[in-house]
Trainee: 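Questions regarding the structure given below will be posed in turn.
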Amino acid sequence: RLATLLLPPASVRCLLAGACLRVLLVVAFFVVAHTGWYSVVVAPPLVAAIGWGSGYLVTGCFQLAPDLLPPHLRDANVSQQASLLNAAFSFAAVGGLLSSFALLFIL
């Protein structure tokens with residue numbers, strides 16, 4: 001993505017800070033969605049920021065992950081690294097959907 005070319009993540013801590021900020025944006029979205037008439041104005045930019053943050057975090061993880069492996073494993077397992085990252089992100093997306101459905105039934 002273009003954002004990671006202009007502002008590449010420097011470390012896993014940077015990605016963690018971005019993930020925490022994204023969680024705060026998600027909470028803000030739900031608070032704004034239940035408050036009233038101005039949620040029509042505030043919600044779309046929040047959704048855009050949440051979507052942008054998701055893409056940035058995924059791309060940042062793909063960029064940083066190979067550097068965290070020892071050099072002798074890095075080159076030999078490039079396709080396995082990509083497969084594991086894709087599986088982990090898919091599992092996280094399904095987990096997010098399942099937890100949102102569970103919250104719908106609880107609330």
Side-chain angles (χ1 to χ4, degrees):
R1 289 191 177 225
L2 182 61
T4 55
L5 291 175
L6 298 174
L7 183 66
S11 67
V12 175
R13 265 193 197 166
C14 291
L15 289 179
L16 178 62
C20 292
L21 178 64
R22 187 177 170 276
V23 168
L24 292 176
L25 289 174
V26 170
V27 170
F29 169 78
F30 283 110
V31 169
V32 166
H34 290 295
T35 55
W37 62 271
Y38 62 89
S39 65
V40 176
V41 176
V42 179
L46 282 173
V47 170
I50 292 167
W52 181 87
S54 295
Y56 184 83
L57 290 172
V58 169
T59 306
C61 286
F62 273 104
Q63 288 178 353
L64 288 178
D67 294 335
L68 298 175
L69 289 173
H72 67 280
L73 293 176
R74 190 176 308 148
D75 296 331
N77 299 317
V78 173
S79 62
Q80 289 177 348
Q81 294 169 31
S83 296
L84 284 173
L85 282 169
N86 283 326
F89 289 130
S90 298
F91 182 73
V94 170
L97 283 173
L98 292 177
S99 63
S100 66
F101 289 137
L103 286 173
L104 279 174
F105 289 117
I106 291 172
L107 303 175

Trainee: Any side-chain heavy atom of Leu15 within less than 4.5 Å of one from Cys61?
Mentor: yes
Trainee: Could you give the distance from CD1 (Ile106) to OG (Ser99), rounded to the nearest 0.5 Å?
Mentor: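 Spacing of CD1 (Ile106) from OG (Ser99) equals 10.0 Å.
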Trainee: Which residue pairs satisfy the side-chain hydrogen bond (donor to acceptor under 3.5 Å, both in side chains) criterion with at least one member in residues 82-92, sequence neighbours excluded?
Mentor: none
Trainee: Does Tyr56 use its side chain to pair, donor to acceptor, with the backbone of Leu7 at less than 3.5 Å?
Mentor: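 Yes; at least one donor-acceptor contact below 3.5 Å.
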Trainee: Tracing side-chain links under 4.5 Å among I, L, V, M, F, W and Y, which residues wind up in one group with Leu24?
Mentor: none
Trainee: With sequence neighbours excluded, what pairs up with Val47 under the side chain to side chain contact (heavy atoms under 4.5 Å, CB included) test?
Mentor: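 Val47 satisfies side chain to side chain contact (heavy atoms under 4.5 Å, CB included) with Phe29 once adjacent residues are dropped.
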Trainee: Give, for atom CG of Leu16 and atom CG of Leu57, the distance between the pair rounded to the nearest 0.5 Å.
Mentor: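 Interatomic distance, Leu16 CG to Leu57 CG, rounded to 0.5 Å: 9.5 Å.
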Trainee: Quick check: closest heavy atoms across Pro9 and Gly60, and the distance to 0.1 Å?
Mentor: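 Between these two residues, the closest heavy atoms are CG-CA, 3.6 Å.
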Trainee: Hydrophobic cluster mates of Leu98, side-chain heavy atoms under 4.5 angstrom, ILVMFWY only, any path?
Mentor: Val94
Trainee: Not counting sequence neighbours, which residues clear side chain to side chain contact (heavy atoms under 4.5 Å, CB included) with Val26? List them please.
Mentor: Phe30, Ile50
Trainee: Hey, could you give me each pair passing side-chain hydrogen bond (donor to acceptor under 3.5 Å, both in side chains) that has a residue in residues 13-34? Not counting sequence neighbours.
Mentor: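 The answer is Arg22-Ser54.
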Trainee: Report the hydrophobic cluster partners of Phe89, with the cluster defined as I, L, V, M, F, W, Y residues connected by side-chain heavy atoms closer than 4.5 angstrom, directly or transitively.
Mentor: Val58, Phe62, Leu85
